[in-house]
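Counting starts at 1 for both ligands and their atoms, following the listed order. In this text the structure is predicted, and so the values were computed from the model without any measurement.
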Amino acid sequence: MNRRKFINLTALTAPLLSFSKVTESIPAVKPIMISTWEEGKNVNKAAWGILSEKGRAIDAIEAGAIYVEDKISCCVVLGGNPDRAGFVTLDACIMDENANCGAVAGLERIKHPLSVARKVMETTPHVLLVGDGALKFALQNGFTIENKELSIDAKKEYEKWLKKSTYKPVINIENLPVQVENKDGAFTMPLKFDDGSFNHDTMGMIAMDVSGNVSGGVTTSGMAFKMHGRVGDSAVIGAGLFVDNEVGAATSSGVGEEVIRTCGTHTVVEFMRRGYSPELACKKTIERIIKNNKARAKTLQVGFVAVNKKGAYGAYAVQEGFVYAVKTKQVDRIFKSAFFYKAPKSED
Ligand code: GLY
């Protein structure tokens, strides 16, 4: 994009004044792996072996998901907080460079929902399987059923929640502290870590392989204490994830309803198709969320991260606090997303 075109595009965004400045990342050399939140750095690492060995982007996405579903199953999948009826229900989706896609929603007791979504993509004529049908399909395809008990802390949080039964997602916190186990035994994953970072339950991933092909995936247990049967953006192609191999890809985290209302990631990709940088494309889409209902937007978080075909990447969120991890041959770090509203001071 030449300078004049960039300035023109920036001018088009003037009606909504935002807090942080738009910047463009330096295009990275392929391959590249991008994942949401702090844990994304470990997810990128888990996927990197495939990308660095000239493997396919879609395989890197699945490897990243398997890592996170295994390692922090506390907050991404089965150990996460339940819905209002007490069930942990999982949403996931995957999309490759040929517009092949698959998804599962409301899937219970299966550890690797993104792998089930991939099976839907590769072995069925459909895109999305839900609930009991998705579970049956998973079992028919060799996935094993897991314990249905809630983790100790999820049970505690659920019981606490039942007393008030209010539903108010907290900005930058898509889940609550839960008990996890690792090789050192059981411990409670805190709401906020010592370094100030939070745990998060939506893992969105984008990969570009050495051939320049782009794929993406999302895996989550969704919003804690959602209504039973509620499906978020993470199972909806065009909302939580969209890939167009000619343009790039985008993924999201945050309140899924807002992302679905704007066909969020599809909108981001379409803005990139029109020449906007990844960050500006994310910003334009976030501005739609804010314009739809400013009062509502002030109390919630949505973050988009995107990469274009040149390997440039960027992100934009409603609120301060959204972060994403990038791995290339030169870069391996967490970036703070640009944002619209500055975060209110933490109360703790
Ligand atoms: N972004 C996850 C959800 O809304 O369920």
TODO: May I ask you to check whether Tyr313 and Phe335 place their ring centres under 6.0 Å from each other?
DONE: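 When the ring centroids of Phe335 and Tyr313 are compared, they turn out to be within the sub-6.0 Å range.
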Check each atom of ligand 1 against the heavy atoms of [X] and keep those under 4.0 Å away; list them by number with element.
X	value
Asp233	1 (N), 2 (C), 3 (C), 4 (O)
Thr202	1 (N), 2 (C)
Ser234	1 (N), 2 (C)
Met223	4 (O), 5 (O)

Open item on the list: Checking side chain to side chain donor-acceptor pair (under 3.5 Å) between Thr89 and each of Arg230, His228, Lys226, which is the one that passes?
Closed with: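 So, applying the side chain to side chain donor-acceptor pair (under 3.5 Å) to Thr89 and each of Arg230, His228, Lys226, only Lys226 qualifies.
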TODO: May I ask you to decide whether Lys30 forms a salt bridge with Asp209, counting only side-chain N to carboxylate O separations under 4.0 Å?
DONE: no
Task: Residues Glu159 and Lys156 bridged, charged N to O under 4.0 Å - done: no
Open item on the list: Which residues pass the side-chain contact (heavy atoms from CB on, under 4.5 Å) test with Glu97, not counting sequence neighbours?
Closed with: Arg56, Asn213, Ser215, Asn245
Does ligand 1 come near enough to [X] that some N or O of the ligand is less than 3.5 Å from an N or O of the residue?
X	result
Gly222	no
Gly254	yes
Thr220	no

- [ ] Report the part of Glu258 (side chain from C-beta onward, or backbone N, CA, C, O) that has a heavy atom under 4.0 Å from ligand 1; answer both or neither where that applies.
- [x]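 Under 4.0 Å from ligand 1, Glu258 contributes no heavy atoms.
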- [ ] Return yes when Arg230 approaches ligand 1 closer than 4.0 angstrom through a heavy atom, no otherwise.
- [x] yes
Task: Close side-chain approach of Thr267 and Arg288, heavy atoms under 4.5 Å - done: yes
TODO: Start with the C-alpha distance between Lys155 and Glu149, add both sets of side-chain angles, then the distance that settles salt bridge (charged side-chain N to carboxylate O under 4.0 Å, His left out), and finish with yes or no.
DONE: CA-CA 9 Å; Lys155 191 163 179 276; Glu149 295 303 313; over 6 Å; no
